[in-house]
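Because only heavy atoms are used, hydrogens play no part in the values below, and waters and symmetry mates are left out as well, while side chains stay in. Both ligands and their constituent atoms are indexed starting at 1 by order of listing. Worth saying up front: this structure is predicted, and the values here are computed from it rather than measured.
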Amino acid sequence: MKETQAKKFAVPRGTADILPQEVAVWEKVETTARAILDLYGYREIRTPIFEETELFARSMGQTSDVVQKQMLSLQTQHKGDAEDIAKAGFSLRPEGTAAIVRSYIENSFEKKEGFSKLFYIGPMFRGERPQKGRLRQFHQIGVEAMGPGTASPLVDAEVITLSMQLLKALGINDAKLRVNTLGSVEDKQNFSKYLREQLKPHLKELCEDCQNRFERNVFRILDCKNKGCKAVVEKIHLGSAPLSTESHQYFTEVKTALTDLGIKFEHTPSLVRGLDYYTHTVFEISSDALGSQDALGAGGRYNNLVTQLGGPQVDAIGFALGIERILLAMPKEESPKPQGLDAYIIPLDEPSLKRAFRYLEELRRSVYEFKVKDNIPKNFSIDMGYGLGSLKSQMRAANDRGARFVVILGENELEKEKVTLKDMSTGVQEEKDLNDIGAITVKLAEGSI
Ligand code: AMP
């Protein structure tokens, strides 16, 4: 066989490994989020990480930056069984909403329940230029409230409150909330017309991107980070943009409800969000603890998306929070020590090694059965070194692994059909019957001699 040269691979740019010592804090975020989401009546939904590209284009808008520049699409290299993937055009999901609306329609949720409260936690993918807080694979916690019953300003207020409470539960108390309204589809059209009128005299002062956005997606100009564009935006009077009486009234009720619930916010007329599907309330949450990428999360109402994707006329609202950004903004705690072993098996000679290996498996099976039978919430962990070493070195290994007990098997023990059980915290040592796995199981479960 031809020898190929070894190559070292690196994690793809803009992605990161979540290493075992980091998993505890991720679990904390997820467990806390689930507790808050349960509290507000949300149920988890899991959709595939890729969907038809057209689904994203139709929902987020052909002119949105994500669809135009950041879609990561799938290709098959061979004419194989998955050739249809390349033909139909699939992309990794850049966000969660489109897939959930697709699933909502496909599974006729609206026939089964009036009001669907759904949440998701998982990875999203965008072909961005990576920097701190901006990745190509990142994770979001998001919710979507959909159904005929969701067109109430109280629902807008609750969804916003939920996102703030979720951050609070994770120790993020300084999150800033900005809200705005885009009004109905008609209001949005009037608003974009108004924006074009206001911006037209300044067209030459805008960056090249924004000159293109002027016709395609004028709202995006309000988000541009370019200094010249920012200066132009400051000159126009966004506060006097047209808005129907109903939309104005709706937004007033959202703001009143937020105030009633003690949620602090700022009304920011320039906040528009870059996706086509938003109508009425939009909001963004940021933190000073983050650098230039300061958005923790964002969301808004999208009353027409379900119909636009071929579904029934139902209203909807949702948000997504970025987990990596949450981790950057969370107060730093010492990462919890990894859970120590419950038992470490030590064989002292060659014949004991094989028996110890079998004993390890017997004990694991027995302890797991006990856990299930007695409904013990704690997970147990039992291990060995799979080789021979001096008692001293094996005891050191057990100590390093934080073992609560060690079980020693040697020639003497095997002859007498005994094992030695040592409690590592008290130093107390006693002999137990080799074949009475149940006795040791109980000891481990009780946690002490
Ligand atoms: P968006 O849908 O772009 O408003 O994203 C919602 C939230 O997801 C943002 O506020 C961020 O917290 C997070 N997020 C979006 N894009 C990225 C990215 N490329 N890297 C890390 N987090 C992101």
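- Within 4.0 Å of ligand 1, protein heavy atoms belong to R126, E128, G133, R134, L135, F138, Q140, R273, A295, L296, G297, A298, A320, G322, R325, listed by chain and number.
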Could you pull out all donor-acceptor pairs under 3.5 Å where a side-chain atom in residues 88-101 meets a protein atom, sequence neighbours excluded?
unit_1	atom_1	unit_2	atom_2	d
S91	OG	T53	OG1	2.7
S91	OG	S73	OG	2.8
R93	NE	P123	O	2.8
R93	NH1	T47	O	3.4
R93	NH2	P123	O	2.9
E95	OE1	Y277	OH	2.5
E95	OE2	T97	N	3.3
E95	OE2	A98	N	2.8
T97	OG1	E144	OE2	2.9

Under 3.5 Å, sequence neighbours excluded: what are the donor-acceptor pairs made by side chains of residues 282-291?
unit_1	atom_1	unit_2	atom_2	d
E284	OE1	R178	NH2	2.8
E284	OE2	R273	NH1	3.2
S287	OG	A289	N	3.0
D288	OD1	K176	NZ	3.1
D288	OD2	K176	NZ	2.9

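- Residues that satisfy the salt bridge (charged side-chain N to carboxylate O under 4.0 Å, His left out) test with E333, not counting sequence neighbours, are K28.
- Between K230 and E234, no side-chain nitrogen of the basic residue sits less than 4.0 Å from a carboxylate oxygen of the acidic one, so the salt-bridge criterion is not met.
- A cation-pi contact, defined as under 6.0 Å to the ring centre and within 45° of the axis, is absent between K111 and F109.
- Distance OG/S381 to CZ/R364: 7.5 Å, rounded to 0.5 Å.
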